[in-house]
Protein chains: 2
Amino acid sequence: MDTSVSHHMIRCDACVLRRMSGFRSMSAEEAKLISGFKSGEMRCETGMTLISEGTLNPYLYTVLEGWGFRYKSLEDGRRQILNYHVPGDLIGLQGALLQEMDHSFEALTPMRLCIFERSRFLTIFEKSADLAFDVTWLASRDERILDGHMLSLGQRTAMERAAYLLVFLYYRGLRSGLFTSSNAQIPLSQSLIADTLGLSLVHTNKTLKRLAQRKLIVWRGRACEILDPEGLCSVAEWTPPEASPRPLI
Amino acid sequence: MDTSVSHHMIRCDACVLRRMSGFRSMSAEEAKLISGFKSGEMRCETGMTLISEGTLNPYLYTVLEGWGFRYKSLEDGRRQILNYHVPGDLIGLQGALLQEMDHSFEALTPMRLCIFERSRFLTIFEKSADLAFDVTWLASRDERILDGHMLSLGQRTAMERAAYLLVFLYYRGLRSGLFTSSNAQIPLSQSLIADTLGLSLVHTNKTLKRLAQRKLIVWRGRACEILDPEGLCSVAEWTPPEASPRPLI
DNA sequence: CGCCTGCTTGAACGCTATCAAAAAACGTGG
DNA sequence: CCACGTTTTTTGATAGCGTTCAAGCAGGCG
């Protein structure tokens, strides 16, 4: 397996993410405390499955670099992508609290992650009220995102749904430092988009093509570049949430 | 407004819900602690909106009796019901942590609820690691439920979706003591079902009719009775989660 | 070069929406 | 208890969005 795990001491106070705008600042003590909960760091390649539906997973992760996604399947193979994850996101909390995982997680690009052991992670609640609060905050924000996705799946047309998904991901990428001036692309295949929107691959393709004709996006082999975020927002009847600082664990 | 709020001291150790199977048992001290966080109890009538999208809401609630639901709307009026709530559910956590509410909550039947003031509620994290854990547990379980709904919205056909929703609600009602031998009905209009499934009212009606013809359900004026839970599960390719004890706050 | 994965396109079918209207159930006041 | 307005459920007909089937094309990689 092309996975590399390092078990040396993690120094959270030196974490690059903390220096980014977008994350709440944190005292040196708090950073030290978090360091104590971590059991290592790892990298993984595109396509790697970090969490599998139906299994017990003894780890949680914080994304440091790269994109990943969460999905759930029916027995006959139909699958629904539930959400995408970017640096700063905490992954696997459901499994830590509720035992068996009922979704899977896969890397969309090469990723770097911080690793928590489940049992040690759960002592956060005893050790620090602030961190416990942060965990809950992250869980609530995740739920809020799912609310938005559900509105989309249930009520928006194909075109609106596609526009929503793409601007949504655009702002997530932007705010978590995944875009640079030379690279502001969302790394997705159309087949993944189809599984996210609940549409067939063929119809997804035709819908994206129409967005491209309107000069809202450009498709470049397994990635999407956003040309006109405001235009997409208006197609989707959506506005991005305020960019308020979020906790990082 | 037909709402009655009582501000007398709440005695959580005497709460009827605690005596129900399905909830985790709790020490006398813990119950006393929770009592301290509560600021009252209230009743409300069918159709009352407890939480409105876009507003700040200074309260959280624990459902004691009755059914309610959460929804989100697009500007042109299309709305998506996100989830239904039953006794034991904690409501309004998102708003407490993330400021402005981005969904609404409405009573589906007359309800009785425990009230928490936002600011006092948030001190739970400092006062009790166990209760903080429970809050997070509830948030995670809610998210897991949304995952299931998303799979349904995105991947299941109309018939499968309807079957899923109805058994899902059947088990929720059953396990939270909302059904008695003389009344095991889910209090829903077909229009609400339509807004939950992301289908038109007409097509929802035709789909429910087919479920009724198969003797899986019976429709009785603004309510649905489940005749064959296993049958519905098999139509939906779904099995209810294990009935493990859940915390009550 | 050839294979594999991912994207594109056209045609036909069908599930679901929309339109339109009627029937049934419900609540309320007379 | 009945009349009457309102909400909810039911039904039929028509239209359309999205699916499925079936190829063909393009690009990356061994």
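Below, chain A is the first sequence line, B the second, and so on; all start at residue 1.
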Ring pair (Phe, Tyr, Trp, His ring centres under 6.0 Å) pairs touching residues 198-233 of chain B, sequence neighbours excluded, are none

Counterpart residues, ring-ring contact (aromatic ring centres under 6.0 Å, His included), relative to B:Tyr71 (two or more places apart): B:Phe69

Would you mind reading off the distance between B:Arg220 atom CZ and D:dT7 atom P, rounded to a whole angstrom? 25 Å

All heavy atoms of A:Ala223 vs all of A:Gln185, minimum pair found to be CB-OE1, 3.5 Å

For A:Asp102, the salt bridge (Lys or Arg N to Asp or Glu O under 4.0 Å) test, sequence neighbours excluded, returns A:Lys72, B:Arg144

Using the side chain to side chain contact (heavy atoms under 4.5 Å, CB included) criterion, which residues pair with A:Ser189? Sequence neighbours excluded. A:Ser191, A:Leu192, A:Arg222

What is the distance, to the nearest angstrom, from the CG atom on A:Leu197 to the C1' atom on D:dG18? 13 Å

Can you sort out the partners of A:Phe168 under ring-ring contact (aromatic ring centres under 6.0 Å, His included), two or more places apart, ordered by chain and number? A:His149, A:Tyr164

Could you pull out all residues at least two apart from A:Asp147 that satisfy side-chain hydrogen bond (donor to acceptor under 3.5 Å, both in side chains)? B:Arg70, B:Gln94

Got a sec, which residues hit side chain to side chain contact (heavy atoms under 4.5 Å, CB included) with A:Ser234, two or more places apart in sequence or on another chain? none

Contact letters for nucleotides 23-30 of chain D, in which S counts primed atoms plus P, OP1 and OP2 and B counts the base, heavy atoms under 4.0 Å: --------

Under 4.0 Å protein heavy-atom contact, by nucleotide of nucleotides 9-18 of chain C - B base, S sugar-phosphate only: BBB----SSB

Measure the distance from CZ on A:Arg222 to C1' on C:dC4 and round it to the nearest whole Å. 13 Å

Quick one: list whatever passes side chain to side chain contact (heavy atoms under 4.5 Å, CB included) with A:Leu174, sequence neighbours left out. A:Tyr170, A:Tyr171, A:Phe179

For the helix from C:dC1-D:dG30 to C:dG30-D:dC1, measure the angle between the helix axis at one end and the axis at the other, each built from five pairs, rounding to 10°. 40°

Distance, rounded to the nearest Å, where B:Gln155 contributes CD and D:dT19 contributes C1': 13 Å

Using side chain to side chain contact (heavy atoms under 4.5 Å, CB included) as the criterion, list what pairs up with B:Gln213, not counting sequence neighbours. B:Lys209, B:Arg210

Counting only side-chain nitrogens and oxygens, does A:Gln190 get under 4.0 Å of the OP1 or OP2 atom of C:dT5? no

Judged by modelled atom types alone, do B:Tyr84 and B:Thr196 share a side-chain donor-acceptor pair under 3.5 Å? yes

